[in-house]
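All remarks here apply to the structure that follows.
Numbers for residues simply follow the sequence, beginning at 1.
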Amino acid sequence: QTAGRFFINMASLGYGGEVVEKAVGRKAFWSNWGAVYKIEGTIAYFKYPETSCQLEVDGKTVYEGKFFGAFVGNGKANASGLYWTPQAEFDDGKLDSFVFKKPDFFSMLRGTYEVKEATQPSFEHHSCLGKNMKFTFSKPVPLELDGDFIGSATQFHFSVVPKALRVWKYLPTD
C-alpha cells in the first residue's frame with residue numbers, strides 16, 4: 001500500500017522495481033560491489049516476466065498492452081544516471097512516464113546506454129505527460145520510489161501534489 005507516500009524524483013515499476021528490490025534485499029557476494037545494479041539488472045532481465053498493463057493519464061487510457069517496465073519521473077534521471085524521462089521538470093506540475101514491453105536483450109542493453117546519454121532508446125516504448133497516472137496490471141508488479149523498494153501490487157496511482165515543493169533557482173553572478 002502506497003497511499004500518501006511521496007516521491008520527488010522517480011518511480012520504477014516492474015523491471016526497475018525488481019532490480020532495486022533484489023539489489024537492496026539480496027545478500028549475494030556482489031551486493032557490495034559497485035556493479036550490483038548491472039548484475040541485478042541482468043538477472044532481472046532474464047527472470048522477470050512480462051505482464052499486461054493499462055495506463056490512464058488524466059482519466060484517458062493512453063496505453064494498453066504488454067508490460068515489462070515503467071518509469072514515472074518528476075526528475076530527468078534515476079540515481080544511476082539513466083535519463084528515462086529527460087524532459088521532466090520539477091516545477092511544471094506534471095509527471096512524465098516511460099512504459100515499455102520487454103525488448104530483446106541486445107536492444108535492452110543498447111537502450112540502457114542510449115538513456116545514459118539522455119537520448120530516447122531505440123526499443124519500442126510509450127512516453128506521456130500528465131497530472132494523474134493510474135497503472136493497472138494483470139498481476140502484481142514491484143514498485144520503487146526514489147531508491148526505496150515499496151512493495152508489489154496490481155495497481156498504482158501517481159498524482160501531482162500542487163505546491164508541495166518550493167523551488168529556488170540559483171543564478172550565478174559574474
Side-chain angles (χ1 to χ4, degrees), residues 2 5-21 37-38 41 44-45 48-150 152-162 164-165 167:
T2 60
R5 181 75 188 246
F6 292 97
F7 74 100
I8 294 174
N9 186 47
M10 190 162 301
S12 302
L13 298 92
Y15 168 78
E18 176 83 359
V19 171
V20 171
E21 176 187 13
Y37 287 97
K38 291 178 183 173
Y45 177 83
Y48 186 72
E50 241 181 356
T51 188
S52 62
C53 171
Q54 178 185 31
L55 171 58
E56 293 177 34
V57 176
D58 297 333
K60 295 181 181 177
T61 299
V62 298
Y63 179 81
E64 278 187 287
K66 291 183 179 182
F67 175 86
F68 187 62
F71 298 92
V72 176
N74 198 33
K76 298 177 185 307
N78 63 13
S80 61
L82 298 173
Y83 290 83
W84 296 107
T85 56
Q87 304 304 316
E89 297 291 339
F90 278 114
D91 60 353
D92 67 356
K94 295 184 180 176
L95 296 167
D96 294 59
S97 71
F98 178 97
V99 181
F100 60 104
K101 63 184 182 178
K102 189 173 187 175
D104 69 67
F105 181 72
F106 292 109
S107 293
M108 182 72 174
L109 189 61
R110 183 176 53 250
T112 301
Y113 285 103
E114 290 165 340
V115 297
K116 189 82 168 165
E117 299 298 319
T119 60
Q120 290 290 307
S122 51
F123 62 75
E124 186 179 338
H125 62 279
H126 181 81
S127 297
C128 58
L129 180 71
K131 291 183 178 189
N132 294 288
M133 296 185 181
K134 183 171 123 183
F135 288 82
T136 305
F137 305 100
S138 58
K139 58 185 173 184
V141 301
L143 171 68
E144 167 267 331
L145 299 176
D146 290 338
D148 292 331
F149 175 70
I150 303 302
S152 296
T154 57
Q155 192 172 88
F156 294 108
H157 184 186
F158 300 94
S159 184
V160 171
V161 179
L165 292 174
V167 179

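- Side-chain contact check for Gln120 versus Ser127: some heavy-atom pair is nearer than 4.5 Å.
- Minimum heavy-atom separation, Glu56 to Thr61: CG-OG1, 3.7 Å.
- Pro121 approaches Phe98 most closely through the heavy-atom pair CG-CZ, 3.4 Å.
- Looking at Lys66 and Lys102, their side chains never come closer than 4.5 Å, going by heavy atoms from C-beta outward.
- The OG atom of Ser12 lies 9.0 Å from the CG atom of Asp146; values are rounded to the nearest 0.5 Å.
- Taken to the nearest 0.5 Å, the CD atom of Gln54 stands 4.5 Å off from the CD atom of Glu64.
- Looking at Thr112 and Tyr45, their side chains never come closer than 4.5 Å, going by heavy atoms from C-beta outward.
- Residues Val99 and Val62 fail the side-chain proximity criterion, which asks for heavy atoms closer than 4.5 Å.
- Counting heavy atoms of neighbouring residues, nucleotides and ligands inside a 6.0 Å radius, atom CZ of Phe105 exceeds 12 of them.
- Using a 4.5 Å heavy-atom threshold, the side chains of Leu143 and Phe158 count as touching.
- Residues Phe135 and Val72 have side chains in contact (heavy-atom distance under 4.5 Å, counting atoms from C-beta outward).
- Classified by interplanar angle (parallel below 30°, tilted 30° to 60°, perpendicular above 60°), the ring pair His125/Phe123 is perpendicular.
- Gly14 and Phe67 make their closest contact through CA-CE2, 3.8 Å (heavy atoms, listed as atom of the first residue, atom of the second, distance).
- In this structure, Phe100 and Phe68 have perpendicular ring planes: the angle between them is above 60°, well past the 30° mark.
- Note that NZ of Lys139 and SG of Cys53 are 13.0 Å apart. Values are rounded to the nearest 0.5 Å.
- Of all heavy-atom pairs between Val19 and Ala44, the closest is CG2-CB, 3.8 Å.
- Atom OG1 of Thr85 is separated from atom CG of Asn9 by 7.5 Å, given to the nearest 0.5 angstrom.
- To the nearest 0.5 Å, atoms CG (Asn132) and CG (Leu95) are separated by 8.0 Å.
- The line from CD of Glu18 to CG of Leu13 is 12.5 Å long, rounded to the nearest 0.5 Å.
- By the 4.5 Å heavy-atom criterion applied to side chains, Asp96 and Trp84 are not counted as neighbours.
- Closest of all the heavy-atom pairs between Thr51 and Val141 is CG2-CG1, 3.9 Å.
- Within a 6.0 Å sphere centred on CZ of Phe137, other residues, nucleotides and ligands contribute more than 12 heavy atoms.
- The two residues Met10 and Ala77 have their closest heavy-atom pair at CE-C, 3.7 Å.
- Salt-bridge check for Lys101 with Glu124: passed, with a basic side-chain N closer than 4.0 Å to an acidic carboxylate O.
- Partner of Tyr83 under the side chain to side chain contact (heavy atoms under 4.5 Å, CB included) criterion, chosen from Glu114, Lys116, Lys76: Lys76.
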